[in-house]
Structure formats: C-alpha cells, structure tokens
There are 2 protein chains.
Amino acid sequence: MPKKTNVPKRDRILDAAEELFAEHGYDGVTLRRIATSAGVDVALANYHFGKKLDLFQAVFNRRAELLNGARLEALHACQESSGAKGPSVEQIIEAFLRPLEIAQETGDEGWRHYLALIAYINNSPYWGPRMMSSLFDELVQEFIKALKKALPKASEADIYWCYHNLSGALTLTLANTGRIDKLSRGQCHSADFRAAYDHMIPFTAAGFRKICEG
Amino acid sequence: MPKKTNVPKRDRILDAAEELFAEHGYDGVTLRRIATSAGVDVALANYHFGKKLDLFQAVFNRRAELLNGARLEALHACQESSGAKGPSVEQIIEAFLRPLEIAQETGDEGWRHYLALIAYINNSPYWGPRMMSSLFDELVQEFIKALKKALPKASEADIYWCYHNLSGALTLTLANTGRIDKLSRGQCHSADFRAAYDHMIPFTAAGFRKICEG
DNA sequence: GTCTATACCAGGATAGAC
DNA sequence: GTCTATCCTGGTATAGAC
C-alpha cells in the first residue's frame, strides 16, 4: 500500500495509530512504530497530541460522533416510519448494526481499523470500564429504551442480558480476527460485515423475543 | 488477599501471569510485575518457562485440557441420553457453556482469570489466529457436528455464522468487563456466569433455530 | 504554527556469575 | 534457585529549523 503523502501528517499519525492500536492493543504499540508507519518523526505525535494516552483517546474519539450519529439517525428514521406502536425488535437491531457497514461501503480501511479498536476496548477488562461509557452509553440507552417499548413484557434485567449477547456478537465481528474463516474453511468471511449482520439481526432478534416474550 | 506461600513458586508464577495477562494483555505486563505479584525473583520466570512468550503459552495451555475435557464429556453425556435422534440445540449449547461455570463453582479465582484470558486471545486480531486453533478447533468442530445433526436443514455457512454469534456472546461474558453492570445500573452482574448462561442458552438456541430452521 | 533532531532516563528482557 | 550486570527499548522533553 502506497504512503499517502498528500494527507496531512497529523491525520497520518491518527490513521497509523488507529490501525496499530486495533491490531496490537495499547501496550503492543510504540510511538516510534506509529511514527515510522505514518512516515513522520517520533516527536510529532507528542507535538500534536501530547502523551501516548492522549493520542489513544484522540483516535477513539475521532470517528465516534459520526458513527453514533448515523446509528441514532437510523433509529429515529425507523421510529418515525413505524408510528405510535414503535419499531419492531428487528428494525431496532437493524438500526443499531447497519451503519457499521460504513467500512465496506466507503472502502475506507480506516473505518475497519476503528471498529476493530472499539472491539478491543469493549472486550478489555482494563479499557472497557474506562473508555466505553463516555462515548457509547447515551447511544446504547436510547436503543435500550426503544427495545423496552418493543418488548413491553420484558424485565429490565432480561433486556440488558439480551443486549449483552448482541453486544458480544457484534464485538467479535468488529474484531475481525479471521477465526470464522478458518473454522468454516472459507465458507464465512470475517470481513464481510454485511453477511455478518444479515445473520446477526434475525439471530439476535429471535433471541430477544425468546427471552422477553416468553 | 494473602500471598499463598505454600503454593510452589512455579505455580505462583503461572497464577500471577494468568491474572495479569488477562487484565492487561500480553504487552501490558512485564515479567517484573509478574514476579513481584508472585513474590519471586525476576529471573525465576525465565528459569522455569524461558521467554515471556513461552510463559504466555504455558498459561494458556495449563487449563485447556481440563476445561475442554469437561465440555466434551458434557456433550457426550447429552448425546448418550438422547439416543439416535441426538440432542437438541439447547442441550448442545448447554454442554458447550455450563462447564465454564467452573470458576463460580470451585471458587477458584484462577479459573475466572483463565477464562478472561481466553476472551482476550479470542478477540485479538493478533493472538486469535495464532493461538486459538491448536487448543480449541477440535472441540468446536465436535460441537458443530452435533449442531448440524440437530439442524439438518441448515447450510454450513449458516451454522458457522450462528456459532460466531454464540462465540461472541460467550467471549464478552468471559471478558468480565463489568460493562453490563454499569449499563444496567446494577441489575446484571458480569461475574454471574450462571445468570449469563441462563439467558445465553435460550437466546442463542432461538437464534440458531430462526436462522437454520427458517 | 509545523516539524525534525537529539537527548535523557526509566524500566525491562535476558544471560551469566554465583 | 538467586542476584546482578548489561544492553536495549520506549516515552517524553527540549531546542531549534523551516
């Protein structure tokens, strides 16, 4: 892959950091490696972002608003089109997941790395509690509220456990480890988010209904 | 928690490494920290296990056979009790998951850390492809075979995508990040594996049926 | 304001002496 | 089994070039 020398160095640092943090985790990456990969001097990351941790957070923050905006918009769209009874479980999960196909649609590798970074953080006992809430709790609670309305008989705990299962399936998908490719001997592809969601939406919707409608 | 000075130092190193690797990942832990936590000299880890990577693999290997033996035994048990028609999807998933309650049952914190380590490795784009197959593929394929029998109309790809969703839900559970506790404001507890599986088994079984039985 | 060269020093992996 | 020395890597600060 050719170095994009037309992109501003500040962005190249973010891009390189995004890819490397997603693949190797926070401690698995050095600032020197990020700088080399971005084709800039070691000290430039420090100049633009301060400490390593600040860079990490800058990477995590960069695309969050755009992503969650799209998801919230999708939720509101299906809420409006469904009237007073509200959207179905399937529609809600669809709105939660489909905007994440953005990486495939735009062909922007950066999005793929970013989503893998979310998976890393969400699955980490260290980073998860420290970093997920501030960017994602508001969005999740909005979806939970919609799900409660679609499943009025469900207890709160049941809804959250179901959400946990959905979140886990999603997280492993975003991690994009290639494990399913190998297990299935090439019949499934980790990188094919569309196929993943095509299965995940009916799968998890059926799970929600089973637990929450009895 | 008091230092267990009665435990052999070699095991104390494994225990400490297990806990720290699970929490911080491979690169987030130094041999010094492991040694300090185990109450032994820095060089002793090197003496017993060689390089850091070898210690990492030793930790990952240690409990795998016991764990997967129990899961396989559970699968065979339900296969025998169900006769020629074979066990149901629920029974198969139950056999896949319930032995993982071992941490809760035995009260051995080491098991909890070990399971979190599996979650870390399985969700990692770097470690997943390098370390999961050798210890877990055989077991997984055995369960897949049973699932195919229980869902004879399903395509292979569908089975594997459903397994992927199950594996993701399980992985996030094992990671034990406390996120669900926070989101649900204390109504669900990450550490309560029994509650997690009580929901995960019917949830994922319904998903399998939806995808694989139409 | 953007960027590079360089230096500093803490901390760590490893090997070899004991 | 343990202690220590050595070499190296990495995060960060600073000075100054463009």
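These numbers come from a predicted model, not from an experiment. Naming: A, B, ... by sequence-line order, numbering from 1 per chain.
Regarding A/K9, its NZ atom lies at a distance of 6 Å from the P atom of C/dC3, rounded to whole Å. Remark: P of D/dG11 and CZ of A/F56 are 13 Å apart, rounded to the nearest angstrom. The interatomic distance linking A/H24 (NE2) with D/dT9 (P) rounds to 17 Å, in whole Å. Regarding B/I34, its CD1 atom lies at a distance of 17 Å from the P atom of C/dG11, rounded to whole Å. Between A/D41 atom CG and D/dC18 atom P the separation is 15 Å, expressed in whole Å. One can place CG of A/L31 at 6 Å from P of D/dT12, the figure rounded to the nearest angstrom. Rounded to an integer number of Å, the gap from A/D11 CG to C/dT2 P is 12 Å. Between the NZ atom of A/K51 and the C1' atom of D/dT14 there is a distance of 14 Å, rounded to whole Å.
No side-chain N or O of B/Y26 forms a donor-acceptor pair with one of B/W127 less than 3.5 Å apart.
Residue A/H48 places at least one side-chain N or O under 4.0 Å from the OP1 or OP2 atom of C/dC3. Considering only side-chain N and O atoms, A/Y47 lies nowhere under 4.0 angstrom from the phosphate OP1 or OP2 of C/dC3. The phosphate of C/dG12 (OP1 or OP2) has no side-chain N or O of B/K52 nearer than 4.0 angstrom. For D/dG11, the OP1/OP2 oxygens have no side-chain nitrogen or oxygen of A/N46 closer than 4.0 Å.
Taking the six-membered ring where tryptophan is involved, the planes of A/H24 and B/Y126 are tilted, since the angle between them lies from 30° to 60°. Between A/F96 and A/F143, the ring planes are perpendicular. Angles over 60° get that label, and only those under 30° would be called parallel.
Evaluation of atom-type donor-acceptor distances gives no pair under 3.5 Å for the side chain of B/R32 against the base of C/dG11.
Of the charged side-chain nitrogens involved, none lies within less than 4.0 Å of a carboxylate oxygen, so that A/R112 and A/E19 do not count as a salt-bridged pair.
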